[in-house]
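Below is one structure, written out as structure tokens; the observations come after it.
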Number of protein chains: 2
Amino acid sequence: MQKIRPGTLAALLLGSILTPSPLLAAPPGADTIRAAALTDTVAMDFTEGLTTEVGPRPAGTPQEARARDWTVAKLKSLGFANVRAEPYTMPVWLRGRDEARVTSPFPQNLVLAALGNSASTPEKGIEGEVAYFPTLADLEAAPEGSLTGKIAFVSHAMRPTQDGSSYGISGAARRQGPSIASKKGAIAIVIRSIGTDNHRQPHTGVQMWADGVKPIPAAALSVPDAEQLVRMVSRGQPVRLHLTLTSKMLKDQPSGNVIAEIPGSDPGAGIVVAACHLDSWDQGTGAIDDGAGCGIIAAAALQAAKAGPLRRTIRLLMAGAEEVGGNGGRAYFDAHGKEAHAMTMESDFGADRVWRVDFKLPQGHEALARRIAAGLAPLGVGASRLPAGGGSDIEPLVKAGVPVIDLQQDGTRYFDIHHTPDDTLDKIDPAQLRQNVAAWAVALFETANAPEKLGIN
Amino acid sequence: MQKIRPGTLAALLLGSILTPSPLLAAPPGADTIRAAALTDTVAMDFTEGLTTEVGPRPAGTPQEARARDWTVAKLKSLGFANVRAEPYTMPVWLRGRDEARVTSPFPQNLVLAALGNSASTPEKGIEGEVAYFPTLADLEAAPEGSLTGKIAFVSHAMRPTQDGSSYGISGAARRQGPSIASKKGAIAIVIRSIGTDNHRQPHTGVQMWADGVKPIPAAALSVPDAEQLVRMVSRGQPVRLHLTLTSKMLKDQPSGNVIAEIPGSDPGAGIVVAACHLDSWDQGTGAIDDGAGCGIIAAAALQAAKAGPLRRTIRLLMAGAEEVGGNGGRAYFDAHGKEAHAMTMESDFGADRVWRVDFKLPQGHEALARRIAAGLAPLGVGASRLPAGGGSDIEPLVKAGVPVIDLQQDGTRYFDIHHTPDDTLDKIDPAQLRQNVAAWAVALFETANAPEKLGIN
């Protein structure tokens, strides 16, 4: 991660140093908005309501449908315009029983959770000898056919990082491990959870079968259970595991996005899209992933518009089905991709404080980046040289060239909780949630009111 | 909790201030033993082996029988004498399915675990309206019959304490809540877990039905689930809960204690009993409760005897069935209560550091207490004015008048983990475990070698 030397005044080229200059004070509007947003109650109220009154809301299920109904009603009551659900259909993977038992030499149960798109075992389960691989590279190095009849077990050494970058590296065991194990003949695979905690809470998550690969049962052991299995294997005797991972696939189930707007005064200036996702994994109530993100963007849009009419329309995209592959984001782009989008942003990395802002703006928009960075600096947010990347739900917009800003949240403890039953409201720190609202309100205010021409189409 | 003013030199009466005096240096033997014990590897090896190779070991089950076999073999290999299991039989409560679902107004699953001796629901479960009581006193104040057809829900506000005293207060909701709810007509009861964490790990534990009370299904919600249910109830609409808590009772199942000794040189000087319990709750691997306690006492006995022959026999009592009512401790007393017991101690409060020593010695044994306190002081252990109480497995000995010493462990994080699936090896801090071994080695050495006449019979 690159650091900015404090006090540097420098060439303000695109993607270059964005240290707020003392000569360029934030406009009074942003100061007022930031201060008000730090006392926001809407984000917590939204998150508390969604996680309590709906709870878990897996993609393509009746719970996700309830989440859409709840959200449409809530956003209307908050005064948003053009509030509606935009439906689409999708295939749905549904979890059944998740059970594991070491049958020998040390009989005992282990705690695990099937990964998305796991094949189902028969009701009576399957049993095999464990083939242990300390890393994904070790699994990749196993000869073809060497896993025939065995259950692959892949570990790794994920550590917390502020920017979440360890997820990319360690997460490969979940994303690619199942397909690799199947190709080599394994009857199933268990991985150490992609998580940084030490609780018996397995971290589920989606994985996609590579082309032509036969789906096999695939699951994540909790971190303590993975460590237990390593201890057993290290004793040198064959370890046999019995797995019951029942699940099913359904075709053409209803899912959908929720859209809401604060209309702008200049219809020709393009839309600012603020995104989050409404769906969650099935075992927690989706507080940090991503109820809080939806609370933040709704609250921030209201805070941004408090100071008076904004030039551009702010459109909330509360996407469905992010967790299982970004179906909602694609459906949005299919329906709206040709509209004039001035900017896009997403909140989908928990509720801990924003610590860095990244930009990906067209050449010539350095002044806008400076104004935003100046408005964020009092919140302890630094500007980076790294290009913004957006999130899953706005990926099609970003790929199409829509400018994007990332308000990077502190991810140090995010992977303690991510995709586990522990993703519940109590994990949210109200003060950090409010800081998020303030950062977002500043960014939305500056972007929606920018006099510059922005975006594409 | 009483505090000792540093530097006070005072009347060394029984139960009075036991500050180590600079005039009474610990004998060289204790220093040597303490230093060696701080590098101990036996306690961790024992705990790792028991929790890995046996894992969960509920009282009266085949897993507990495997724990006895494992322990007998292990203690023999460590060089203990007279190693044997001492069997008895007992009734056993066995967990079945633990499922809860809010059916209205906010349908979603909750995470909970049945309490010991809970009645079973039918396979298809039961359903009722939740009657919420913020405290046990509120439940007690409910009119007779007012809970007919309802599911009582009792909360509380347990906070961590170093000495574990909050367990006594908050734990009443578990120990007495079910009987009170049944008397008032409830069809079931759920309580907030007696725990100080915020994970979705319910804390089980035993409860005994009061005389004449009809058993009802009784369970503990995890702390986040209890908070979720409070939020639902606080919205003012009736909340309906569906519970499936299947369990069964078996009669006359085999359980047993494991006994091992380091024989002393003076058969007439009485036995020093060091106790722990081998059984654990069913959902964790019983690392802090109480695998570590057994590892500590075994390691400490070996460390204490390293310096040469001891006057008294040290007898390890690794009791069965502590969690469900202390059957092992009673069986030991029935079989051995008439033998000459010089002293008794128990380790059953996790593996965090010993921070205080309490004594309950006969009049005239102040010098022994001073020697022990002097040997412990370099480990950061202070002596208290509070009388020692012992643990469940030595309760019958203590009641019979056997002197007792408590090496009090730091309980600040104990109730984050206690009786949950999270009670696993990774929760043990090796350095604190070794400090426990050193404290125990000093206390056993001084006690077993004391020239004084000790004990009863």
Side-chain angles (χ1 to χ4, degrees), chain A residues 48-58 61-63 66-67 70 95 97 99 101-102 104-111 197-202 222-235 237 239 280 282-287 416-417 420-428, chain B residues 48-58 61-63 66-67 70 95 97 99 101-102 104-111 197-202 222-235 237 239 280 282-287 416-417 420-428:
Chain A
E48 194 264 3
L50 180 65
T51 58
T52 302
E53 298 184 9
V54 182
R57 39 199 188 279
T61 68
Q63 297 105 295
R66 285 207 295 120
W70 185 95
R95 184 183 309 283
R97 286 156 65 208
E99 295 171 9
R101 180 163 180 78
V102 175
S104 72
F106 310 122
Q108 58 194 275
N109 296 334
L110 299 178
V111 176
D197 60 304
N198 70 340
H199 298 291
R200 292 185 83 190
Q201 305 270 354
S222 87
V223 171
D225 289 273
E227 292 178 352
Q228 180 83 331
L229 191 52
V230 170
R231 282 190 291 270
M232 291 182 187
V233 167
S234 71
R235 280 157 160 81
Q237 304 170 57
V239 175
S280 75
D282 50 350
Q283 299 186 305
T285 62
D416 290 354
I417 304 159
T420 73
D422 245 353
D423 181 1
T424 48
L425 186 68
D426 51 285
K427 307 307 181 300
I428 293 179
Chain B
E48 193 266 2
L50 180 66
T51 58
T52 301
E53 298 184 8
V54 182
R57 39 199 187 278
T61 68
Q63 297 105 293
R66 285 206 296 122
W70 184 94
R95 183 184 308 283
R97 286 156 65 206
E99 295 171 8
R101 180 164 179 78
V102 176
S104 71
F106 309 122
Q108 58 193 274
N109 295 334
L110 299 178
V111 176
D197 60 305
N198 71 339
H199 298 291
R200 294 185 80 188
Q201 306 271 355
S222 87
V223 171
D225 288 274
E227 291 178 351
Q228 180 83 329
L229 191 52
V230 170
R231 282 190 290 270
M232 290 181 186
V233 166
S234 71
R235 280 159 161 78
Q237 304 169 58
V239 174
S280 75
D282 51 350
Q283 299 187 303
T285 63
D416 289 353
I417 302 159
T420 73
D422 245 353
D423 182 1
T424 48
L425 186 67
D426 52 286
K427 308 307 181 300
I428 293 179

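Naming: A, B, ... by sequence-line order, numbering from 1 per chain. When reading the values below, keep in mind they use all heavy atoms of this one structure, side chains included, and skip hydrogens, waters and symmetry mates.
Scanning all heavy atoms of the two residues, the minimum distance from A:Thr52 to B:Gln108 falls at O-NE2, 2.8 Å. Of all heavy-atom pairs spanning A:Asn198 and B:Lys427, the tightest one is O-NZ, 2.9 Å. Contact detail for B:Arg200 and A:Asp422: the closest heavy-atom pair is N-OD1, 3.0 Å.
Of the listed residues (B:Gln63, B:Glu227, B:Arg231, B:His199), the one with the most heavy-atom contacts under 4.5 Å to chain A is B:His199. Per-residue counts of heavy-atom pairs under 4.5 Å with chain A were compared for B:Met232, B:Gln201, B:Gln283; the largest is that of B:Gln201. Put simply, of A:Pro105, A:Gly55, A:Pro107, the one with the most heavy-atom pairs under 4.5 Å next to chain B is A:Pro107.
Within the 4.5 Å cutoff, the side chain of A:Gln228 has no heavy atoms near those of the B:Thr424 side chain.
Proximity to chain A (any heavy atom under 4.5 Å) is shown, for B:Glu53, by both the backbone and the side chain.
Using a 4.0 Å cut-off between a side-chain N of Lys or Arg and a carboxylate O of Asp or Glu, B:Glu48 and A:Arg235 qualify as a salt bridge.
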